[in-house]
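Data first, discussion second: the structure below is written as structure tokens.
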Amino acid sequence: MTDKNWFDASAYADLFKPQDISKIFEALKIPGVDAKALAEAHSKNLKAVVEANRIAAEGYQQVFKKQLEIVRSHFESLTESVRDGGVGVNPALNTEAVKAAFDKNLRQINELTEVLRKANEDAIAVVQERFQEGVEEIKSFGAGFANAAQAQTEKAVAAVKENVKKATGAAA
């Protein structure tokens, strides 16, 4: 059996180091795109996913612990009931015991549901926040790309004008 903690988010975050990712984006050499900023944005996305998974995993661990606690509690109640002779002796007591057990189970199910809801809500909040940041980053990347495209277009137009001037000047 391994000692690895599968819920350790840092082990997964190390797989996506920004300096390694930026090398990939720099190799693409897209005009107007800041490769480092793009790599940092990608790294933030991955960190947000890792954090969301960590939060969800913690919630699921809480549910698992609570389930174990519920099972233990049920066995203790059953053992106590058998020891006290309450099972099968008096139908009225049995009905009351079943109703009490049902109510207790319903409360415990509600507690588990709330823990899961909270874990999922917190995990989704991390991803939503990163999504909003990402939208703003995309807007800035788009502006940089548009500016570079505009500069390249102006440069190309100037070169064409220069060539036309040379061609018409040489013909005259």
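Because only heavy atoms are used, hydrogens play no part in the values below, and waters and symmetry mates are left out as well, while side chains stay in.
Here the closest heavy-atom approach between residue Ser73 and residue Lys104 is recorded as OG-NZ, 2.7 Å. Closest of all the heavy-atom pairs between Gly59 and Ala119 is CA-CB, 3.6 Å.
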Donor-acceptor list for residues 155-162 side chains, cut-off 3.5 Å, not counting sequence neighbours:
none

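Considering only residues two or more places apart in sequence or on other chains, Thr113 meets the side chain to side chain donor-acceptor pair (under 3.5 Å) condition with none of them.
Looking at Glu69 and Lys66, a side-chain N of the basic residue comes within less than 4.0 Å of a carboxylate O on the acidic one, giving a salt bridge. Under a 4.0 Å N-O distance rule, the pair Glu51/Lys47 does not qualify as a salt bridge. Under the 4.0 Å criterion applied to side-chain N and carboxylate O atoms, Glu137 and Lys44 are assigned as salt-bridge partners. Between Glu121 and Lys118, none of the side-chain N atoms (NZ, or NE/NH1/NH2) sits under 4.0 Å from a carboxylate O, so this pair counts as no salt bridge.
Val115 is connected to Leu112 through a chain of hydrophobic side-chain contacts under 4.5 Å among Ile, Leu, Val, Met, Phe, Trp and Tyr, so both are in one cluster. Neither Leu46 nor Ile55 shares a network with the other; the hydrophobic side chains, linked directly or stepwise wherever heavy atoms of I, L, V, M, F, W or Y lie under 4.5 Å apart, form separate groups for each.
In this structure, the side chains of Val49 and Asn45 stay at 4.5 Å or more apart for every pair of heavy atoms.
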*Going through the distances and angles, do Arg107 and Asp103 end up as a salt bridge (Lys or Arg N to Asp or Glu O under 4.0 Å)?*
CA-CA 6 Å; Arg107 277 192 314 277; Asp103 290 343; 5.6 Å; no
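Atom-to-atom distance recorded for Asp122:CG and Arg54:CZ is 10.0 Å, nearest 0.5 angstrom.
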